[in-house]
Amino acid sequence: MTTSPEDTIVAPATADGEAALAIVRVSGPAALDLTAAALDRPTEKIVPRRASLGSYKDGANQALDQLVYIFYPDKQSFTGEPMVEWMCHGNPLIVQKIVEDLIQRGCRLAEPGEFTRRAFLNGRMDLSQAEAVSDLIRARSDKALDAARRQLEGTVGNKINQLIAKILTTTAQLEAYIDFPEEDLPPEDQEGPRKNLRDIDEELQNLSATRHYRNLLTEGIRTVILGAPNAGKSSLLNALVGEDRAIVSNLPGTTRDYIVERILIGPYLLNIMDTAGIHTTESEIELIGIQHTMEQAKKADLCLLVLDHSAPNPTVPAELKSVLDQTPSIVIENKCDLARDSSFQNPLPQSPCIAVSALKGQGMDALRQQIQEQVEKGIAVPHPDAVLVSARHAQALDLARSHIESSLSLLSADEPAELAAQELHLAIDAMGQVIGKIDNESMLDELFRSFCIGK
């Protein structure tokens with residue numbers, strides 16, 4: 001991304017389509033002059049940080065809309081530079097005309113994420129907070145929303161700065177003996193620094209491990225519906241989703257590939273997958289579908305094994321049972337509105353068993369509650385106040401750990417303290433990547449590319 005802080009940028013900050021209101025955002029050194037020109041009033045009449053009513057006029061002095069605007073002075077805006085937000089009527093044509101007029105007056109259309117990028121570059125937030133802006137917009141569950149909000153408040157950056165401070169303290173202890181060998185210092189004691197580094201290493205390991213839970217919150221918990229043909233897997237998916245998403249038929253083998261839907265269960269987002277029925281068949285197409293089912297089961301965070309309790313228990317293949325024994329699972333006795341077969345039994349005694357009628361909706365509330373309990377029981381859920389890191393953060397923390405462990409090895413081998421201290425400086429550099437102490441322009445390009453325009 002080739003940008004200049006001298007550019008004044010513009011973009012719609014609200015989604016496309018008709019609405020009561022829309023927002024057009026402008027940021028850059030010319031924001032105040034552009035505001036005064038569009039309103040046809042002197043700059044001294046533009047009251048900062050106050051919602052004011054005005055008539056927006058284009059370059060030909062034609063009124064485009066009566067709207068509300070707020071001007072933010074330098075260092076008092078989201079981006080940290082002069083900025084104005086125009087709140088016009090939500091007609092896409094009005095938004096388009098205002099944006100086009102501002103471009104005619106010298107603005108440049110903003111790149112994806114450029115407003116947040118400027119906020120980061122101007123010191124209004126650290127890089128982890130900038131990432132949280134995008135996460136907050138895209139959150140699809142209460143838990144994901146809470147994690148993004150806490151990160152935007154600075155929890156990740158604060159934790160990283162605390163750990164960096166601890167490493168700096170240890171580094172200072174080592175460097176005191178390097179820089180002042182002739183001073184009257186106590187005998188060099190490397191056990192103190194070693195203990196400090198072991199404690200820091202453990203903290204980094206625990207912090208890095210939260211990436212898996214964070215990923216489950218943002219991407220969704222992979223939930224796979226398994227069972228024999230005609231057990232009611234597709235009916236169960238439809239009942240959980242609340243609409244006829246999958247074809248339901250008395251003919252076995254209707255589902256030959258998997259169908260994925262996103263649903264909310266309590267505060268969690270689930271990617272729920274209806275798969276091909278597992279059974280013995282000579283059909284090449286069905287065999288491919290069954291193989292896909294096994295592959296998805298091995299990747300699952302939660303498995304729902306659907307059994308028809310009005311029929312004799314099918315045999316659960318050994319390969320599938322091995323997967324289910326190692327994955328949080330729920331056995332679902334479907335068709336509970338029919339008489340129970342005398343031979344029916346739970347093939348997974350270590351897993352809870354819930355009776356439902358997916359077709360009639362019986363037992364579905366109890367199943368939803370059991371799914372939430374199984375998610376929280378089977379997946380390591382951190383303390384509500386725990387700091388959660390993303391995959392990018394974890395990669396930087398793992399690199400920092402490698403340098404800390406190298407420093408520990410050097411100290412244990414009685415190598416020169418200079419070498420151990422150098423490894424600690426490298427660890428600090430790695431951790432700085434989380435909060436933005438970097439000069440890697442291409443990395444910033446990649447990070448902000450996924451943001452929406454206007455944010």
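Between Glu202 and Arg198, no side-chain nitrogen of the basic residue sits less than 4.0 Å from a carboxylate oxygen of the acidic one, so the salt-bridge criterion is not met. Using a 4.0 Å cut-off between charged side-chain N and carboxylate O, Arg108 and Glu114 make a salt bridge.
For the pair Cys353 and Glu333, the minimum side-chain heavy-atom distance is below 4.5 Å. Residues Leu217 and Tyr213 form a side-chain contact, since some pair of their non-hydrogen atoms from C-beta on lies under 4.5 Å apart. Side chains of Asp301 and His212 form a contact here, defined as non-hydrogen atoms less than 4.5 Å apart. Looking at heavy atoms from C-beta onward, Leu163 lies out of side-chain contact with Leu397 at the 4.5 angstrom threshold. No side-chain heavy atom of Asn334 sits under 4.5 Å from any side-chain heavy atom of Leu236. Residues Leu411 and Leu174 have side chains in contact (heavy-atom distance under 4.5 Å, counting atoms from C-beta outward). The closest side-chain heavy-atom distance from Lys298 to Glu319 is below 4.5 Å. Taking 4.5 Å as the limit, every side-chain heavy atom of Arg211 sits out of range of all side-chain heavy atoms of His393.
Looking at Gln374, its side chain never comes within 3.5 Å of a backbone N or O of Ile371 through a donor-acceptor pair. With Asp341 contributing its side chain and Ser343 its backbone, the two residues share a donor-acceptor pair below 3.5 Å. Lys233 places a side-chain N or O within donor-acceptor distance of the main-chain N or O of Ala228, the cut-off being under 3.5 Å. Put simply, the side chain of Ser402 gets close to the backbone of Leu399: a donor and an acceptor are under 3.5 Å apart. Checked by atom type and distance alone, the side chain of Asp274 never pairs as donor or acceptor with a backbone atom of Ile259 at under 3.5 Å. At least one donor-acceptor pair closer than 3.5 Å links the side chain of Thr169 to the backbone N or O of Ala165. Judged by distance alone, the side chain of Arg118 and the main-chain N or O of Phe78 form no donor-acceptor pair under 3.5 Å. A donor-acceptor pair under 3.5 Å is absent between the side-chain atoms of Arg25 and the main chain of Thr14, judged by distance alone. At distances below 3.5 Å, not a single donor-acceptor pair connects side-chain atoms of Ser322 with backbone N or O atoms of Ala318. No side-chain donor-acceptor contact under 3.5 Å links His403 to the backbone of Ala400.
For the pair Leu307 and Phe344, the tightest heavy-atom approach, listed with the atom from each and the gap, is CB-CE1, 3.7 Å. Pairing each heavy atom of Ser141 with each of Tyr268, the nearest pair is CB-C, 4.0 Å. Shown here for Ser407 and Leu197, the closest heavy-atom pair between the two residues is OG-CD1, 3.7 Å. Nearest heavy-atom pair across Ala239 and Ala358 is CB-O, 3.7 Å. What you find for Ser208 and Ala394 is that their closest heavy atoms are OG-CB, 3.6 Å. Minimum heavy-atom separation, Gly232 to Val306: C-CG1, 4.2 Å.
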Quick one: do Leu304 and Leu226 satisfy side-chain contact (heavy atoms from CB on, under 4.5 Å)? Show the steps, please. CA-CA 6 Å; Leu304 306 179; Leu226 305 159; over 6 Å; no
Given the rule in the side-chain contact (heavy atoms from CB on, under 4.5 Å) test, do Leu127 and Val434 qualify, once you have shown the distances and angles that lead to the verdict? CA-CA 7 Å; Leu127 194 56; Val434 175; over 6 Å; no
Please report the C-alpha distance between Leu324 and Ser351 in whole Å, then the side-chain angles of each, then the deciding distance to 0.1 Å, and finally whether the side-chain contact (heavy atoms from CB on, under 4.5 Å) criterion is met. CA-CA 9 Å; Leu324 296 175; Ser351 299; over 6 Å; no
Start with the C-alpha gap between Val375 and Thr223, add the side-chain angles, then the distance that decides, and say whether side-chain contact (heavy atoms from CB on, under 4.5 Å) holds. CA-CA 10 Å; Val375 165; Thr223 305; over 6 Å; no
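Checked by atom type, the side-chain pair Gln151/Ser128 shows no donor-acceptor distance below 3.5 Å. Judged by distance alone, the side chains of Gln422 and Glu418 never bring a donor and an acceptor atom under 3.5 Å apart. Residues Ser329 and Thr327 have side chains that never bring a donor and an acceptor to within less than 3.5 angstrom of each other. Side-chain contact annotation: Asp325 with Gln350, donor-acceptor N/O pair under 3.5 Å present.
Sorted by first then second residue, the salt bridge (charged side-chain N to carboxylate O under 4.0 Å, His left out) pairs that include residues 148-174, not counting sequence neighbours, are Asp146-Arg149, Arg149-Glu153, Lys159-Glu203, Lys166-Glu203. Pairs passing the salt bridge (charged side-chain N to carboxylate O under 4.0 Å, His left out) check and including a residue from residues 303-315, sequence neighbours excluded, read Asp308-Lys335.
Every residue two or more places apart in sequence or in another chain that forms a salt bridge (charged side-chain N to carboxylate O under 4.0 Å, His left out) with Asp135 is listed here: Arg214. Partners of Lys299 by side chain to side chain contact (heavy atoms under 4.5 Å, CB included), not counting sequence neighbours, listed by chain and number: Arg222, Gln296. Legend: residues meeting salt bridge (charged side-chain N to carboxylate O under 4.0 Å, His left out) with Arg140, ordered by chain and number and at least two apart, are absent. Not a single salt bridge (charged side-chain N to carboxylate O under 4.0 Å, His left out) links Asp74 to another residue, sequence neighbours left out.
Around the CD atom of Gln369, the shell of radius 6.0 Å holds more than 12 heavy atoms that belong to other residues, nucleotides or ligands.
Partner of Asp201 under the salt bridge (charged side-chain N to carboxylate O under 4.0 Å, His left out) criterion, chosen from Arg194, Lys195, Arg401: Arg401.
Expressed to the nearest 0.5 Å, how far CG of Leu207 lies from CG of Asp398 amounts to 10.0 Å. Atom-to-atom distance recorded for Ile272:CD1 and Leu237:CG is 6.0 Å, nearest 0.5 angstrom. Taking CE of Met83 as the start and CD1 of Ile9 as the end, the distance is 9.0 Å to the nearest 0.5 Å. Distance check, rounded to the nearest 0.5 Å: OG1 of Thr210 to CG of Leu216 gives 11.5 Å. Between atom CG of residue Leu102 and atom CG of residue Leu109 there is a gap of 11.0 Å, rounded to the nearest 0.5 Å. Atom CG in Leu145 sits 5.5 Å away from atom CG in Leu136 (nearest 0.5 Å).
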